[in-house]
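Contents: one structure, followed by commentary.
FYI, the numbering just counts along the sequence from 1.
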Amino acid sequence: SEKAHLPSCTMPTVGLDRDALFERLGCEYTQEEFELLCFEFGIELDDVTSEYEAAKAMGVKEADLATLSRRVEYRIDVPANRYDILCMEGMARALRIFLGVEACPVYKRVSGAAESNIIKMTVDVDSTSPIRPFCVCAVLRGLSFEDARVYQSFIDLQEKLHQNICRRRTLVAIGTHDLATLEPPFFYGAEPPDEIEFVPLTETTKAFKGKALLDHYRSSPETKHLKPYTSIIYDAPKYPVIRDARRTVLSLPPIINSRHSRIQPHTKDVFIECTATDETKANVVLDTICAMFAEYVGFCVETVPVTYVSSDDEFSNSKARTVVTPLMTTRECAAELGVIRSTIGLSETELPDDAVCALCEKMQLAPARLDTLEGDAAVVVTVPCTRSDVLHAVDVVEDVAIAYGFNNVVEKLPPTLTQGKPHRLNALCDLLRDEVARAGYCEVLTHGLCRTDENYDHLRLGADGHLLPGAPVVLANPASEDFEIVRTSLLVGILKSIGSNKSQSVKDGLRLFEVSDVVAQDAAADVGARNDRRLVASYTAASAGFELIHGLLDRVMATLLIPNATLAQPANFYLRGKQREPTAPRYEVTPVDSPTFFPGRSAAVTLRRPSSSGDDGTADSVEVIGTLGVLHPDVLKNFDIDFPTSALELRLEPLFEALVGGPV
């Protein structure tokens, strides 16, 4: 089956009709004036064009250009996390509030007039859990699409959300329907593909069954825009489907809606459903759509109770739940006034307390009030449902800076002068890179993320087989199966590099190295994980070259002034002109059997710190800091390497501590 490939993250561009935007703003602007307004608000006018000009630039035939509009269109780049300004309604509202023309709206959640009129959604947990377990819904009553611009904006917002926060429908898929054509209550479940049959939105009369519809979208040139989404559910034994009380199909998420419930110009009541693998993002998406188009219905949104049910007798109470959506919730976020001023570079005279509240309200963080936070003066803002991008006090600081105006911040010389310099460990690593490169090794820079099986099974290691103990950091929503965890060994990256560069000659030996970090979970760390700096080196040739890797280890240790503990040394000896005391750390190479390496051809690198008492060595501190050896044939096969390879992986932070006599 085909794999879903996600696009690279780029800044979204919103195309808005210039005249319609100015009409909503209640003011005409020259292009220069509007560019300045965009800059002040934190967005950028990227291009000024029209449908006609854009199509002409793409080489569309002259005959097809006649039907296209020549109205001026502004294309505006917006931050990727500002989902509330991805459409005309949101952009115009945000700019009006920023200009002080309009106050922040208050969104109202209303339920059906009577119990019998309440729209309900039931989710079958048993069938949907393996594929798309969550569903959120809402109703917008009295929304008119007689103005074609409103309909187009409604569709464009859904598409931009699909490409952005929805990650091309893999996380969330949006469906919108004409409620008048349906009979509540609604049911969301997963069914075998052959049991699903309906006329999709892309057809007029022809009905398809589930699998046949996806095959059609994969082969038909007219529906090539839907082909990338088919792989999301193509191989699943059951497809998600939403039906009404008459068993009429509303949609086959995340692919297509039914033609039966399509939105038309005469539609008045809109039923919105979002199915998802991420419930939080589903709520953000639903809140955004409702908030943007609630301005046409008095900022009122009708709620829909979503009940999760199961036939399993052991179905826990935590899963048997009813969620009333949309949430449309507000929350409070506090930021210290001192932090705001110091971050922006303003004094209390330049930015009074009351002015901070006013600036927050310009950015839709309203109402804002003055309060205290752990004894310090602070501003407490109300974050609306449309501002899901505000996660921390620093986001409040950013909005205050934007509202104040970056051009209004007076340039000043800093009161204190500081001299920057590299972190000591980074400086040491730079020097070490030079030394390893002089030994004939070529530096590579590999990806910090990898698959779980590459990190463990391909290296023939268990969960506790790596130098750095602790579980790996796992990505909650990886963009690809190739990026599941953060690596706990640098060997993975360098071996993948060897396997992917078969054109490189190994006649004289292929020498590669990398100095970088690995990561593992650590409950004692403030962020729940810790980094560990490593050096990895490999030698690939017709023969394994174990002695060359061993020689590189000895060279690195000599460079770091760490002697070999197995070599006889006088009481006070000198290494590269530096006197080393008997209690100075030493390294040892001890034979060990590691599943990653060939039996009898691997060793552990240990760092021995002699006791300060000078006893017989029983109290010495010994720490394993690395491994080296000839890689096992199965490891070479797993990484598609055709020639014998020796490798060394070394922890650098213990060596740094031994060199400087203290922690990193």
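R387 has a carboxylate O that lies under 4.0 Å from a charged side-chain N of D399, or vice versa, which qualifies the two as a salt bridge. Here R243 does not pair with E183 in a salt bridge; the nearest charged N to carboxylate O distance is not below 4.0 Å. With respect to the salt-bridge test (charged N to carboxylate O, under 4.0 angstrom), the residues D46 and R75 do not qualify. Here E73 does not pair with R18 in a salt bridge; the nearest charged N to carboxylate O distance is not below 4.0 Å. A salt bridge links R247 with E191: the distance from a Lys NZ or Arg NE/NH1/NH2 to an Asp or Glu carboxylate oxygen falls below 4.0 Å.
A donor-acceptor pair shorter than 3.5 Å can be found between the side chains of D124 and S127. Inspection of the Y151 and Q264 side chains reveals no N or O donor paired with an N or O acceptor under 3.5 Å. No hydrogens or angles considered: nothing links the side chains of D389 and N81 as a donor-acceptor pair under 3.5 Å. For D178 and S261, the side-chain atoms include no donor-acceptor pair closer than 3.5 Å.
Judged by distance alone, the side chain of T325 and the main-chain N or O of C137 form a donor-acceptor pair under 3.5 Å. Without hydrogens or angle criteria, Q152 side chain to R149 main chain gives no donor-acceptor distance under 3.5 Å. Distance alone, capped at 3.5 Å, is enough to place a donor-acceptor pair between the Q158 side chain and the F154 backbone. Side-chain N or O atoms of T382 include one that pairs as donor or acceptor with a backbone N or O of P367 at under 3.5 Å. Of the possible polar contacts, one joining the S342 side chain to the V339 backbone as a donor-acceptor pair under 3.5 Å is found. Although no hydrogens or angles enter the test, the distance criterion places no donor-acceptor pair under 3.5 Å between the side chain of T267 and the main chain of I263. In terms of modelled atom types and a separation under 3.5 Å, the side chain of S480 and the main chain of F483 share no donor-acceptor contact. T230 places a side-chain N or O within 3.5 Å of a backbone atom of K227 that can act as its donor or acceptor partner. R341 contributes no side-chain N or O that, together with a main-chain N or O of L346, makes up a donor-acceptor pair within less than 3.5 Å. Between the side chain of T372 and the backbone N or O of G375 there is no donor-acceptor pair closer than 3.5 Å.
Rounding to the nearest 0.5 angstrom, the gap separating the CD atom in E302 from the CG atom in L140 is 9.5 Å. The structure places OH of Y239 at 8.5 Å from CD1 of I196, a figure rounded to the nearest 0.5 Å.
Heavy atoms of other residues, nucleotides or ligands lying less than 6.0 angstrom from NE2 of H266 number more than 12.
Annotation: cation-pi geometry satisfied between R321 and Y308 (NZ/CZ under 6.0 angstrom from ring centroid, within 45° of ring axis).
For the pair K281 and L171, the tightest heavy-atom approach, listed with the atom from each and the gap, is CD-CD1, 3.5 Å.
The closest side-chain heavy-atom distance from T13 to I76 is not below 4.5 Å. When side chains are defined from C-beta on, I118 counts as touching P305, because their heavy atoms get closer than 4.5 Å. In this structure, the side chains of D278 and N477 come closer than 4.5 Å at one or more pairs of heavy atoms.
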Practice task
Starting from the C-alpha separation in whole Å, work towards a yes-or-no answer on side chain to side chain contact (heavy atoms under 4.5 Å, CB included) for E89 and F293.
Solution key: CA-CA 7 Å; E89 290 75 10; F293 290 88; 3.6 Å; yes
Practice task
Begin with the C-alpha distance, continue with both residues' side-chain angles, and end with the deciding distance and a verdict on side chain to side chain contact (heavy atoms under 4.5 Å, CB included) for V139 and I272.
Solution key: CA-CA 6 Å; V139 175; I272 307 170; over 6 Å; no
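The aromatic rings of Y74 and F22 lie perpendicular to each other, with more than 60° between the two planes, well past the 30° mark.
Between Y229 and H162, the ring center distance fails the sub-6.0 Å criterion.
Residues passing the ring pair (Phe, Tyr, Trp, His ring centres under 6.0 Å) test with F198, sequence neighbours excluded: none.
Pairs of residues two or more places apart, or lying in two chains, that qualify as salt bridge (charged side-chain N to carboxylate O under 4.0 Å, His left out) and include a residue from residues 331-340 are E332-R369.
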